[in-house]
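Comments concern the structure below.
Naming: A, B, ... by sequence-line order, numbering from 1 per chain. Note that this is a predicted model, so its numbers are computed, not measured. Keep in mind that the numbers below use all heavy atoms, side chains included, and drop hydrogens, waters and symmetry copies.
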Amino acid sequence: MNKRLFADVIVDNKSTKTDRPFSYLIPDEHKFTIKRGMRVLVPFGFGNKLVEGIVVNVKNSSDVDISKVKSIEEIIGNKPILTEEMLKLGIWMKNKYLAQYIDVFKTIMPTGISKKLKQYVSLNNGISFEEIKNIKSENQKKILKYLYDNGESSVDILKNKLKIKNISSSIKALEKKNLITIRSILASEVKKKYKKFVFRNFNTFNIQKVLQNINKRAFKQLEIIKFMCNNESVALNDLMIKTESSLSSVKSLENKGYIKIVEKEIKRNPINKKIPRTKKLELTEEQKNCVDTIYKDISEGKNNTFLIHGVTGSGKTEVYLQLIEKMLQKEKQSIVLVPEISLTPQTVERFVGRFGDKVAVLHSKLSLGERYDEWRKIREGKVKIVVGARSAIFAPFDNLGLIIIDEEHETSYKSSMSPKYDAIEVAQKRCELENATLILGSATPSIETYYKAQQGEIKLLTLSKRINNRKMPPIEIIDMKEELDNGNKSIFSKSLYEAIKENLQNKKQTILFLNRRGFSTFISCRKCGYVAKCNKCDISLTYHLSENILKCHYCGLAKKPPTICPECKSKYIKYFGVGTQKVEEIVKRTFPKARVARMDVDTTIRKGSHQKILDKVKNGDVDILIGTQMISKGLDFPNVTLVGIIAADITLNLPDFKSAERTFQLITQVGGRAGRGETEGRVILQTYEPEHYSIKTAKEHDYINFYNKEIAIRKEFDYPPFVDIINIIMADTDEKKLYNTCYKTIDILKEKIGYEKIKNGNIKILGPHPAPISKIKGYHRWQVLIKCKGNHLAFLKKIIKKVFINTTYENIKVSIDINPNSIL
DNA sequence: AGCACGCCGACT
DNA sequence: GTCGGCGTGCTC
């Protein structure tokens with residue numbers, strides 16, 4: 001029986017209004033080949049413009065009237081781009097993060113694989129210049145003239161060159177009048193890379209015969225034949241370099257039939273240097289226990305999630321490596337996530353050194369082509385291990401056994417673009433779908449993760465000893481208020497200044513750390529350390545220079561900055577805002593003979609610049625390295641004996657509930673850079689708040705004590721992990737309209753949630769108020785924060801979806817972030 | 001988001 | 001009449 005089949009297709013159209021499956025008829029010839037997860041080309045909209053789509057369902061009835069249903073035009077590729085598991089994962093992400101289908105799928109698919117429709121237009125035959133002149137419409141005349149002069153052109157070029165608004169309508173009109181022809185081409189952004197290879201095409205036994213047929217004076221050709229006697233095949237480039245010959249010599253030999261030139265696809269390889277292979281290391285008692293416990297769990301098919309809490313230098317990586325090796329023996333694949341900033345050659349080398357070409361690397365500095373090739377290596381099963389940043393969690397393995405997330409507490413695992421996913425949550429879901437095991441590792445686990453471990457949701461493993469029993473570097477805390485009392489107004493305390501000087505004399509290296517993140521600064525009293533805080537939110541107030549007010553980024557409270565300190569009545573109220581650049585300047589002035597390097601986002605934009613700076617430090621060409629978080633991870637320089645933390649308060653006073661946690665993590669990690677060689681290290685930490693628990697516990701290297709203090713505060717003030725936070729930002733160019741719509745929407749939201757739930761504190765709505773960044777690119781931004789207790793989240797999301805997505809009032813832009821990293 | 005349709009004013 | 005501008009509403 002000839003039954004009709006239909007496909008539900010998610011169309012590549014970035015609009016909340018088309019964010020749903022559309023039914024298409026499957027043509028008979030594709031009935032048996034079509035599968036869920038396949039890419040298709042479908043006609044969409046009035047103009048039946050061909051757009052790309054993803055098949056999410058195949059069924060034998062259509063939801064809508066059959067007369068409306070169009071047919072699928074073409075299937076792209078012969079196997080699904082998204083496996084069944086990845087499709088499920090995508091749909092789960094859509095609901096979890098309230099994102100659009102197409103955004104989710106585009107995140108999962110490799111960048112650059114999607115094809116773009118390019119339109120070219122050309123003048124029809126026999127159109128004369130006279131005819132063009134008689135066209136009344138100015139825009140149409142411009143287009144025709146351009147085509148007359150330049151021949152066929154792409155619509156994009158026309159748009160740029162002629163600057164015509166709504167150019168497509170003019171083009172459509174011209175086509176109707178039969179003056180031009182439109183040609184559409186579907187092109188992929190990334191092309192496969194090909195390389196020419198030369199193959200021997202003669203029998204080496206008949207070499208004499210071959211040589212007879214070559215002119216005695218054709219030295220280069222003889223040279224090539226000699227070379228090809230010893231090599232069956234060689235890259236054309238290499239052949240030309242090695243024999244110092246030109247392409248014409250090679251070509252003439254090809255014409256004679258002695259060699260063949262063949263174009264073969266080669267996969268780009270982002271690892272361009274030879275990395276020596278390394279061997280397994282002997283495990284310590286603790287490490288062995290770790291590997292055994294996890295492996296036993298895997299063998300029993302339990303697939304638990306583990307947290308390895310290991311102090312810096314306790315050898316977590318070796319644990320990962322040996323577990324990966326065990327997975328290889330089981331023919332299972334592994335994904336290793338590391339934070340983008342620590343995805344340095346040093347990290348990559350550890351994995352490539354152990355497993356060689358079984359490893360693929362994915363990070364943001366790869367070119368589109370490199371990324372595409374790495375993706376295909378994974379998909380085709382050519383590699384078994386992926387080391388990469390956040391998005392590597394979507395590596396298309398088909399027999400996944402293990403996911404490792406190192407430095408689990410890092411904020412870069414949460415995406416800042418829609419879908420605003422958390423790689424840890426996605427990893428957990430992926431492990432659940434594909435029966436794999438998840439390992440989180442950190443010296444300073446995030447409060448949320450450690451809480452889960454305490455609750456027994458995650459299994460906790462501890463590595464408390466450093467390899468070789470090396471001591472943790474002692475941390476000296478300098479109270480900068482005292483420095484001020486003693487008349488020292490510089491950014492260096494006396495101790496730090498002396499220590500740097502001493503280090504310079506001893507030819508040892510120094511790292512100076514300053515976290516300059518954030519544009520707005522905070523207000524503090526230099527005499528008593530008072531920091532302006534919001535009394536409702538326990539969050540530092542941010543100083544806004546343009547309006548000269550202090551604002552709370554959580555509840556919107558705003559007040560004038562004090563001119564005298566409310567605590568000690570001193571006049572030393574200051575705003576703080578020293579960045580790494582300023583530090584560099586001061587260091588150069590204070591220590592004119594020192595060789596100084598700075599490493600932050602500004603100095604490492606270019607590919608490889610990161611490595612260049614680190615090489616300089618490694619070679620001893622730098623005495624003092626100044627940097628942001630970028631230098632807090634993975635760096636291992638034995639000659640660095642001093643770490644100076646210029647102002648621990650910068651992170652501490654960020655208007656964010658995670659600021660204490662971040663401070664503890666940063667001090668611990670930056671401090672860990674000191675004393676990695678023979679000489680014992682030293683850490684000097686400058687602060688205006690030496691009594692703060694995150695600083696005191698960091699000094700003692702006491703994570704547990706810090707956790708206990710922090711979790712109590714989170715509980716008292718209703719912060720994660722005790723609530724979920726949803727951050728909604730609405731944006732529009734018209735501020736008045738935005739303001740009105742915001743209030744209107746929030747009223748509807750409150751009504752739908754029900755005043756009952758709001759009253760008893762299960763759902764708290766803060767705002768609306770202007771967002772911390774109140775205007776971006778001409779768009780005014782307003783923000784609503786919702787705090788929601790555990791089991792109400794699903795209910796709340798449903799309502800948010802109804803209110804903010806399905807009914808977008810007045811076409812206002814809405815962005816939703818569930819459990820954001822920070823609300824800045 | 002794009003795109004067509006439709007209504008309106010300006011200009012031949 | 002015809003062209004272009006902009007508001008409205010729909011997309012299998």
d(CG, A:Asp19; C1', B:dG2) in whole Å:
16 Å
Taking only residues two or more places apart in sequence or in another chain, which ones pass side chain to side chain donor-acceptor pair (under 3.5 Å) with [X]?
X: A:Glu434; value: A:Arg430
X: A:Lys789; value: none
X: A:Glu73; value: none

Under the side chain to side chain contact (heavy atoms under 4.5 Å, CB included) test, residues paired with A:Glu29 that sit two or more places apart
A:Pro27
Under the side chain to side chain contact (heavy atoms under 4.5 Å, CB included) test, which residues partner A:Phe46, sequence neighbours left out?
none
Got a list of protein N/O to nucleotides 8-12 of chain C N/O distances below 3.5 Å?
from: C:dT11; atom 1: O3'; to: A:Gly45; atom 2: N; distance (Å): 3.4
from: C:dC12; atom 1: OP1; to: A:Tyr24; atom 2: OH; distance (Å): 3.3
from: C:dC12; atom 1: OP2; to: A:Gly45; atom 2: N; distance (Å): 3.4
from: C:dC12; atom 1: OP2; to: A:Lys70; atom 2: NZ; distance (Å): 2.1
from: C:dC12; atom 1: O3'; to: A:Ser23; atom 2: O; distance (Å): 2.8
from: C:dC12; atom 1: O3'; to: A:Lys70; atom 2: N; distance (Å): 2.6
from: C:dC12; atom 1: O2; to: A:Ser23; atom 2: N; distance (Å): 2.7
from: C:dC12; atom 1: N4; to: A:Arg20; atom 2: NH1; distance (Å): 3.1

